[in-house]
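Some notes on the structure that comes next.
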Amino acid sequence: MNPDAIDLAVFRELQDTAGAEFVVELVDTFFEEAPVMLADLRDARAAADAERFRRAAHSLKSNSNTFGATALGQ
């Protein structure tokens with residue numbers, strides 16, 4: 001993993017708040033759902049569906065920021 005990919009302070013705070021085991025579940029779910037969100041972004045762009053694109057982008061951004069993946073969230 002690229003050490004700059006995750007803001008470790010944000011990630012550790014999430015672990016402290018939610019518990020390390022639960023965070024593992026969240027990360028696993030994110031790895032399953034992120035490719036779907038990216039595909040939805042591509043499909044929405046191809047269909048010129050701005051609202052669908054906005055929703056998918058917002059979901060990807062908020063999920064990324066939750067884990068401290070702020071560069072991806074941007």
Side-chain angles (χ1 to χ4, degrees):
M1 175 174 21
N2 178 345
D4 296 327
I6 301 292
D7 181 330
L8 291 179
V10 172
F11 190 80
R12 287 186 182 122
E13 183 177 342
L14 178 63
Q15 286 180 313
D16 291 343
T17 303
E21 288 182 31
F22 184 65
V23 171
V24 169
E25 292 177 33
L26 288 175
V27 170
D28 287 344
T29 300
F30 179 75
F31 283 145
E32 291 173 10
E33 294 178 356
V36 175
M37 288 184 267
L38 289 169
D40 202 27
L41 279 170
R42 283 188 215 93
D43 293 346
R45 180 175 175 242
D49 186 340
E51 181 57 24
R52 183 173 152 205
F53 188 91
R54 185 197 64 75
R55 284 192 313 267
H58 178 75
S59 294
L60 186 60
K61 177 181 180 170
S62 63
N63 290 342
S64 299
N65 288 336
T66 296
F67 297 109
T70 54
L72 178 58
Q74 290 176 358

Can you see which heavy atom on [X] is nearest to which on [Y], and at what distance?
X     : Y     : value
Ala57 : Leu41 : N-CD2, 3.6 Å
Thr70 : Asn65 : CA-OD1, 3.6 Å
Phe67 : Ile6  : O-CG2, 3.5 Å
Ser64 : Phe30 : OG-CZ, 3.8 Å

Give, for atom CG of Asp16 and atom CZ of Phe11, the distance between the pair rounded to the nearest 0.5 Å. 10.5 Å
Hits for salt bridge (charged side-chain N to carboxylate O under 4.0 Å, His left out) against Arg12, two or more places apart or cross-chain, chain-then-number order -> none
Would you say [Y] ends up clustered with [X] if hydrophobic residues are merged whenever their side chains have heavy atoms under 4.5 Å apart, either directly or through other cluster members?
X     : Y     : answer
Leu14 : Val10 : no
Val24 : Leu8  : no
Leu26 : Leu38 : yes

A quick test of your reading: do over 12 heavy atoms of other residues, nucleotides or ligands sit less than 6.0 Å from CD of Gln15? yes
Restricting to pairs with a member in residues 21-45, which pass side-chain hydrogen bond (donor to acceptor under 3.5 Å, both in side chains), not counting sequence neighbours? Asp40-Arg52
Listed once per pair and sorted, the salt bridge (Lys or Arg N to Asp or Glu O under 4.0 Å) pairs that draw on residues 55-69, sequence neighbours left out: Glu51-Arg55
